[in-house]
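What follows is a short report on a single structure.
Just so you know, ligand 1 is whichever comes first in the structure, and atom 1 is the first atom listed for that ligand. In this text the structure is predicted, and so the values were computed from the model without any measurement.
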Amino acid sequence: MATATAVQELSGTVTSPPEKYLLKDGIGGPNFPLLAVPAIDLSLLTASSSPQGERELDKLNCAFSSCGYIQVVNHGMDDSFLDEVHGVTKEFFSLPMEEKMKCARPKDDMDGYGNDTVYSDNQTLDWNDRLYLNVKPDTIRKLKVWPQNPKNFRKVLLKFSDELEKMNEVILRAMAKSLKLKEEECFLNQMGENQTVLSRFNLYPPCPRPDAVLAAKAHGDASAMTYLLQDNKVEGLQTLMKDGQWYRVPIIHNAILVNIGDQLEIMSNGIFESPIHRVVTNPDKERITIAIFFSPDPTSEIGPHQGLVDEKRPKLFNSVVDYTANYFQSFQTGKRPIDLLRL
Ligand SMILES: O=C(O)CCC(=O)C(=O)O
Ligand SMILES: [Fe+2]
């Protein structure tokens, strides 16, 4: 296994990306339509016994079962805090390479600063540098990859992930409620005692070949649920819908984009599908995003909730323990691990 050169360095120096970044068939397009992603008011979900709350639940159910995304608005995080989240991320990637390398991902690990692990010679690389940090369990201190700079990095990340953890609880309950399940806590319970919370800070530098290079190749997330703070100015995320067409995912200023991950597709017995998505490159603008992934306790077994299995909808997936364990190797070689669990 090897690692690739920092894309940030390539971006400033090459006029044409190295061969291993180029997709033979290009990315398709160029005219991708915009997807309509419903905006959900978080404050209404917490008051869901009101008629307005009921409507919001229906909207959430409809959005997750049709496209797999919602945009959470009125979430209680103010603009100045979200600017800080963007700010520390930008500051981290702007540090000299030598400083960033103090947080470098160990070769056989995922936590830390770096980019694609190279598993094979014919793997196409993503035009993206990233910093992965496990928020829970807190392995950061042990691995010494926690950035010392910028100084307020840790504080900002912990506050952001706490806010999203609370948001995720509200949304998991709302999802169960919207499905008329008796047990409102059923998805939350499947997350187990010690869910994992993983953060991913993404830098997508400008790329001279947006027609042939992807910033992140097509994938479904391994998480149960993913929360993304998009760049407020530069679009890039695209999603594949059932009509076989790629759609652009719109930006709503400081909304949190939420998508279903593979493990919630399993728990919901396929009612909520984990959307396939990718990130395209931009010829002259840099893009920065921050993703937080929530996954079940790796020691607990997850599977389709009983209340969602009946004669009309038989069980679609086998149960599984530690779904994320083999995800990355499958991802880099273009396979979907969820497909191995289908009955
Ligand atoms: O940065 C984005 O727009 C999406 C990132 C993503 O899909 C991921 O980190 O799994
Ligand atoms: Fe993703």
**Message:** Could you check whether any side-chain heavy atom of Y227 comes within less than 4.5 Å of a side-chain heavy atom of L257, counting everything from C-beta outward?
**Reply:** no

**Prompt:** Between P205 and E286, is any pair of side-chain heavy atoms under 4.5 Å apart?
**Reply:** no

**Message:** Side chain or backbone, does Q230 bring an N or O within less than 3.5 Å of an N or O on ligand 1?
**Reply:** no

**Message:** Considering only residues two or more places apart or on different chains, which pairs with a residue in residues 59-87 satisfy salt bridge (charged side-chain N to carboxylate O under 4.0 Å, His left out)?
**Reply:** E56-K59

With heavy-atom distances below 4.0 Å as the criterion, list the atoms of ligand 1 near [X].
{"X": "L237", "result": "3 (O), 4 (C)"}
{"X": "N202", "result": "1 (O), 5 (C), 9 (O)"}
{"X": "T289", "result": "1 (O), 2 (C)"}
{"X": "F293", "result": "8 (C), 9 (O), 10 (O)"}

**Message:** When you measure from the side chain of D126 to the backbone of K217, do you find a donor-acceptor pair of N or O atoms at a distance under 3.5 Å?
**Reply:** yes

Would you say the side-chain atoms of [X] and [Y] include a donor-acceptor pair closer than 3.5 Å?
{"X": "H86", "Y": "D231", "value": "no"}
{"X": "N202", "Y": "R200", "value": "yes"}
{"X": "N122", "Y": "S120", "value": "yes"}
{"X": "Q238", "Y": "R278", "value": "yes"}

**Message:** According to side chain to side chain donor-acceptor pair (under 3.5 Å), who are the partners of T239, at least two apart in sequence or on a separate chain?
**Reply:** Y69

**Request:** For atom 9 (O) of ligand 1, state which one of R200, H277, R130, H219 supplies the nearest heavy atom.
**Result:** R200

**Min heavy-atom dist R287 to ligand 1 below 4.0 Å** = yes

**Nearest neighbour in protein (non-hydrogen) for atom 4 (C) of ligand 1** = V279 CG2, 3.7 Å

**Request:** Quick one: look up the protein heavy atom nearest atom 2 (C) of ligand 1 and list residue, atom name and how far away it is.
**Result:** Y204 OH, 3.4 Å

**Asked** Where the Fe ion (ligand 2) is the corner point, what angle links NE2 of H277 with NE2 of H219, to 10°?
**Response** 90°

**Item:** the Fe ion (ligand 2) to D221: nearest N/O/S atom name
**Value:** OD1

**Item:** Which segment of L228 sits under 4.0 Å of ligand 1 when only heavy atoms are counted
**Value:** side chain

**Message:** Heavy-atom pairs closer than 4.0 Å: do any link ligand 1 to the side chain of V249, the backbone, both, or neither?
**Reply:** neither

